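All of these numbers come straight from a predicted model, not from anything done at the bench.
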Amino acid sequence: MKNKLGFYLLIFVVTAESALSVLAGIGCYKENKRRRYFSRNPGDFDPGALTPTVCAAKCGSFKFSYAAIAEGRFCFCGDALPDISFKDNTNTKCTEKCSGDVGQDCGSKDYVSVFTAAPPILGLTLTSSAGGNVVQNHDEVTFSASILSGGAQLAFKMDYDDGAGKTDQNTTNMWQKRYHVPGHYKVSVYGNDQMESLMEKEATTSVMIDSPVKTHTLTCPAYMATHEEDFCTVSVLEGSYLELKYSEDSVLKSTFSIADPPIYITGPAIPTKGGTSLVSGETGTSFIVMPASEFMYKSVVIGFEAYAEVTGNIDILIMSPACNSPDYCFDKNDCSSGCSGIHERSCISKEFCPSSMSCWSSGSSTCDTTPTRYDGTQRTNLNIVRTLTHNIASTGYNYIPIDATADYIQVENGYILGYKATVGRLNAVSANTSETDIKSTDVTIASNASPLSSLKRHLLRAITSGGSDAYIPVKFTTSGVKDISITVSNKRITGSESNTTQINVMEGVDMAITNIPQYIEKGLATTFQLLPHTGTNVTYWWDFGDGTALNTTDATYDYTYNTVGEMNVSITAFNQMSSKSNTTVVQVQDRIRNLTLVNSLAVVGETTSIPISMTTGSNYTCTWKKDGVVIATTDDITSPPGGTFDYTFTAEGTYEISVVCANQINQMSAVATFNTQFRITNLQLVKTGALKDSTFTIDWTWTAGSSPQFTLQYDSQVRTFTTDPYFNKASSESLSAGSSITQYPLNLTAFNLVSNEQIVIQFGIEEEITGPSITSSVSIDPVTGYGTISKNDVVTFTVDATGGTSVVIEWKYDDGGPDDSVSIPLWSATPAQSKNHQFNSLGWFNVEVKISNLYNSHSQIFRLLAIAPIQNLVMSISPDPVLFLPPATVTLTFNKSVPSDPDPNEASVSFNYGDGKSETIPFDVNQQYTHEFRETSPSGTYTITTNISNVISHLILNGNVKVVEKIEDVEILPDPEYAPVGDPVNVNVKMRRGGTGADLTLDWNLGDGTATTSGNRIGVSPSELDTKVATYSTEGTHTITITAKSTMETIVTTKDIICQKKITIDPDVTSNHPQNFNLGGTINFNFLYSGTPAPTGATLLVNYGDGTEEYKDATWLTTSSGSTQVFTHTYTTDGNYVTTVTLSNLVSKKIVQLSSGVYLKFVGLAVVPKFIKFIPINGPDVDGFGSNKDIFQLDRPVRFHMSKTEGTFVYYSITASNGAVVIMCNKTTEDVFEIQFNETGTYTVDITAHNPIDSKSVSTKIDVMKAVLDVSVADNGKPTSENETKLFDISFAEPGTKTCVFIDYGDGIAEMFGDAASCSGSSYAGSATYVSTFSGSSLQASHTYTIKNTYDVRVHAFNAYSASDYSVFHVVSSIDCTKPQIDIKNKYVKFWEPEEIERSSRIRVIGVTKIDCGSLLQNVKQWSVETVDEQYGTTTSSIDLSSIDSRLKAELDLPKLFS
């Protein structure tokens, strides 16, 4: 049997056919209708338009061999022909004409016309002569198409990705193409049969077109100064992948990439291969104006493309809009005012549509309608800016290059193309009414324009360059003529352009650094200096910051400031080509001069203002000290010159006050002495008179005063006295009163250093007032101490006595009215003195009645309360009802129902607010009282009770207030937030505050066309919800209106909810994954959404898995749902990417993930096996054991380190076999992966790296061996005599693979057991005797000692990569003793898993010993403690236990915090 995969049909399409061929038939056969020979119906054809070609294609697509047509319109398929006997050789049976081609016979009722089926095109590929290389623009690229299999009469179309779309089938020269614009082109070939009845096949390739450097300029300043920076500008019009090299004086300074100049295309796409879409151009000599061929950017023309119908000269026109007034508006493409800000939109009642830059109604389909820029008319007058005459040498496609160096044609945005057919003529393509060309006899007059003979656009387009500008910073430190050179090249193709120029560099100023003191003395000349710098003919501009500025030619200047303050000093050094500036802040201060303090007195406890005498000074700080101790710090603001320093002395004495004032100019000090004393206060006479015919002393007292001195004059004579400073009192000498009633002058003076007090009176000689009596008509309650009266009551106060001279009686009523008094020279049978007084106001009155003379006095104070009763009051509460904000604040007022009643006084009011709060406060009928309710009542109403009372009456009042919770923050929360058409939406309402139940009603207008409903609120603030269900049947924006109503307020809240048609099914997304990254790294995605109805406002987000994502315009879903959309992404690095495609709108989302990797094939795949040793803990990866580093231990995973020169990793498949065991697995870690081998042996490990386009394998061999673990030796502890055989039992936790056991008996004799090869290859081979192998996990060795002694037997078990040691001491002796056996109770033997004990706890370790020695009863125990390395387990230090008593006992006890 032949292998069909070995046969390929390779077709290169290089010719075109002028007409469709007729499909040749095999013959006419009689059909068996009961059991048809051709029994399969391919479907998917139109019986009314069936042809043999169509039927053959349909059958071929299902891989049938034959196609048969019956009755002219039915197509059948089969794999075998009927017997030859059923063939009609008369050509008379198949006579019905094909429904789609009446020129061909297509069977009959009982016969079928049979044709060979046309198989589908398989394996269509497209390649180019460029391969993976870059092609220079204007060079020819040749394309080749091939297929694996396909039928006859195949036809192909090309799409060069130049905007012209597909060519006609098999058009002439379609395999050759020249690109004139650089870029990355995705070129496609489309295969079908000539009838286009097959499923069209597509293949793509990419072509990278680069442009060499052309037309550049270098512009540098002609003159510069050293140390100044400027720029050279390099402008490039043509070129791609540009690299710029910049040199100064032939020394390369920098190399960097610059941006490619943007290339703009103006005009329709030119079908370079012609085709059936071409129409004849307009005849005649009118100007052809092309309004839709508009230059959109300011740029320079570098070429034209045209498609010629007739050879000869044509004029290419470039025209500009000509607007007189108003100016041309590019944004509107007309002459109109109001051009600025036309892109600003304020859509109040509508939504903003980004695609059309306009306002639109939600739910309509107008959003993706772009505003029309062209309307098939000449919208402005035009000026012909440039006419280029060109001779068309050949019909068809023409490229017309423009050398911008020789012919610089700059266009502005708004310019348009045109042309005039003088001899030659251009072809055209059909156009719509808005983009059609027009003609004119005079383009300067827009109204002269007229339509063409038909709607068309002439095939002329301009290629312009926006240019690329690179700015090169230049700066020189030396003067002279500098040669500047640049080279601009394309990094990917050969060729470059160079340019040179010169810059004349003069010496400039390199710096301006000042040498100025920071602090400057006012009035003193200061030198301002600029440090040395470069530059010739330098001028200096000085600005001293005080309003003075000047120029000098000297870098040094002396200047004197006449004002103090902070000055910004600016200095600029400049010459003709350069300038450098510097700004420095200096502080101008006044020198402190003549600072003095004056000795003074001070009063203890009173502020003393200490004057500061200073002639000049500024910006100073003064430090004040009292007796050397700092007491304050002041400055020139708080203690200015001529000002004072305030200080309060707290004790009397003599103090030294010193001050040091300093600024940055100088400092001065001053000292003064202050004597401090207490002021004499409250100097009083004990009596101001004396009894006649008696001797007496004048006595006085004072409250305070330091060292007081006194003088006393009585009756014009200086009197002597004695003082008692301890009790602050004094008494005069004894004086005689005499027998007459009289008065003598008295002058008492008290003084010290800081005060002077004086009493000057007439001292009387009197008879004593006897039998004084003072009474009131109002009774005074002895408990309360006062009496009560009413307003306007009259009270009588009576004074009586039995004797006395010079009597004075005073009545002081304390009510603001006039007081009373009376004088009686001699009280003798004098009647009682009374005064009646009416109290016309309410309140408290302290009435003082006093009877006195100069010798003695008596007084009485009557405390009276004039009080009004509490009656006829009304309480008002407002507002009622009141809003609970919170809080709810109410005001309580009280009014008199009888206005003439006096206001109650001396009353209090007790409030019980009904909310658990109460208070008692003074009552004033004219006062308003407020209360804040902090919560609402369950009933909604509070009862307020007040009790107003004073000492004579009380009144209880009640009132009610309704507290209504304020409606706040009403939120409408649709769930979901956006509404799918036809789906129920829970409309939830919550509010941060608001009543519940009957206190609050909600009106629901859901905006879904249903009637408004009302009901009491159910939810409780702040979080509980009220819910209604709405269903929206139309897309667009619907408004939900909720009206919340309480007795106090009505709040209307609205919420717009957008209703959209949802995405109903998952989109179908496919890609051409996988792709070879070296072939461009581009993935093509096909997106198909076939759900109906089309979703509203869908967006398409594509996350390519490489950190980039982009939104795709999905507006096509509203008009072309069900069509396949194509988009591409080019990855910059290879990788196993997964693209996530999210189709979403506001109400739905569908997510599709698909592979989109671009891969590199594997090169240089290599593997190195390693492993991690158990010790050190967490150690590094190390090589295996043995000379080849390929031996690994069984108990440690083998880690395979992978490397490669190139290749995109996805996963490894691993097969490891030792002949008996096969391990197969996949690993997805790229650099290192692990395999745990469970059996020993020599393994061949095959590792294959995979990605979707390639796989590469690498092999390695490793030996997996068991380690020898934990060898131990037991000798039963029994003593052995000389010449007696000693047995040693040697055991292993794991004997290991190929293990050798070396035993040193301690008497110079050694033996080896185990694997002979391992033993003979070891370093012990020459010193130990090999005995035998052993099996299992133990062996027994015997040895005879001939000398009594203590022996150390050492056992060393090892293999290729592991070892284990053990030693045992034993005694050869005739004494019946065994060696002590020592152990630790509950020990932890693994250093990597220690017992953890906190340092704050005691550590107790118990030793276990077994001593079997009847000959010796004494023994010694001693502990040692060591620290070990946490990674290696090795001893790092010993712990000193000398301070621990238990170190010599069976139990070691370490205290807390021991270290």
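- With values rounded to the nearest 0.5 angstrom, Thr1142 atom OG1 is found 8.5 Å from Gln1153 atom CD.
- Residue pairs that meet the side-chain hydrogen bond (donor to acceptor under 3.5 Å, both in side chains) test with at least one member in residues 1247-1257, sequence neighbours left out, are Ser1213-His1250, Thr1248-Ser1257, Asp1254-Lys1256.
- Among residue pairs with one or both ends in residues 106-118, those qualifying as side-chain hydrogen bond (donor to acceptor under 3.5 Å, both in side chains) are Lys33-Asp110; sequence neighbours excluded.
- Side-chain contact, Thr1082 with Thr1130: a donor N or O sits under 3.5 Å from an acceptor N or O.
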**Prompt:** Could you walk me through whether Phe1085 and Leu1154 pass the side chain to side chain contact (heavy atoms under 4.5 Å, CB included) check?
**Reply:** CA-CA 10 Å; Phe1085 298 89; Leu1154 68 161; 4.2 Å; yes

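- To the nearest 0.5 angstrom, Leu452 atom CG is 12.0 Å from Arg457 atom CZ.
- Rounding to the nearest 0.5 Å places OH of Tyr397 at 5.5 Å from NZ of Lys177.
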**Request:** Go through Thr125 and Ser146 one step at a time and tell me if the side chain to side chain donor-acceptor pair (under 3.5 Å) criterion holds.
**Result:** CA-CA 5 Å; Thr125 59; Ser146 64; 2.6 Å; yes

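- Taking the ring axis of Phe62 as reference, the NZ or CZ atom of Lys58 does not stay both within 45° of it and closer than 6.0 Å to the ring centre.
- The structure places CD1 of Ile1151 at 9.0 Å from CG of Leu1101, a figure rounded to the nearest 0.5 Å.
- Atoms CG and NZ, from Asp83 and Lys30 in turn, are 14.0 Å apart once rounded to the nearest 0.5 Å.
- Ion pairing of Asp168 with Lys157 is absent here, as no side-chain N (NZ or NE/NH1/NH2) approaches a carboxylate O to less than 4.0 Å.
- In this structure, the side chain of Asp79 engages the main chain of Ser65 through a donor-acceptor pair within 3.5 Å.
- The aromatic rings of His1129 and Tyr1104 sit parallel to each other, their planes meeting at less than 30°, with 60° as the upper class boundary.
- Side-chain atoms of Glu309 and Ser280 include a donor-acceptor pair closer than 3.5 Å.
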**Prompt:** Run the side chain to side chain contact (heavy atoms under 4.5 Å, CB included) check on Tyr160 and Val207 step by step: do they pass?
**Reply:** CA-CA 10 Å; Tyr160 304 109; Val207 178; over 6 Å; no

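- Using a 4.5 Å cut-off on side-chain heavy atoms (C-beta onward), Ile69 and Phe115 make contact.
- Using modelled atom types, one finds no donor on one side chain facing an acceptor on the other under 3.5 Å when comparing Asn1084 with Thr1128.
- A perpendicular orientation is assigned to the rings of Phe38 and Tyr66, their planes being inclined by more than 60° (bins at 30° and 60°).
- With rounding to the nearest 0.5 angstrom, the CG atom of Leu126 is 6.5 Å from the CZ atom of Phe143.
- Residues Ile1083 and Asn1072 have side chains in contact (heavy-atom distance under 4.5 Å, counting atoms from C-beta outward).
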**Request:** Please report the C-alpha distance between Tyr1159 and His1073 in whole Å, then the side-chain angles of each, then the deciding distance to 0.1 Å, and finally whether the side chain to side chain contact (heavy atoms under 4.5 Å, CB included) criterion is met.
**Result:** CA-CA 10 Å; Tyr1159 305 92; His1073 163 274; 3.0 Å; yes

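- Proximity of Glu96 to Ser99: side-chain heavy atoms (C-beta onward) are nowhere separated by under 4.5 Å.
- Note: Tyr29 and Tyr37 fail the aromatic proximity criterion, with ring centroids not under 6.0 Å apart.
- A disulfide bridge does not connect Cys75 to Cys59: their SG atoms sit 2.5 Å or farther from one another.
- Relative to the ring axis of Phe76, Arg36 places its NZ or CZ within 45° and under 6.0 Å from the centre.
- Applying the side-chain hydrogen bond (donor to acceptor under 3.5 Å, both in side chains) criterion to Ser1148, with sequence neighbours excluded, gives Asn1145.
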**Request:** Decide side chain to side chain contact (heavy atoms under 4.5 Å, CB included) for Leu459 and Val429; before the verdict, give the C-alpha distance in whole Å, the side-chain angles of both, and the deciding distance to 0.1 Å.
**Result:** CA-CA 7 Å; Leu459 294 176; Val429 291; 3.8 Å; yes

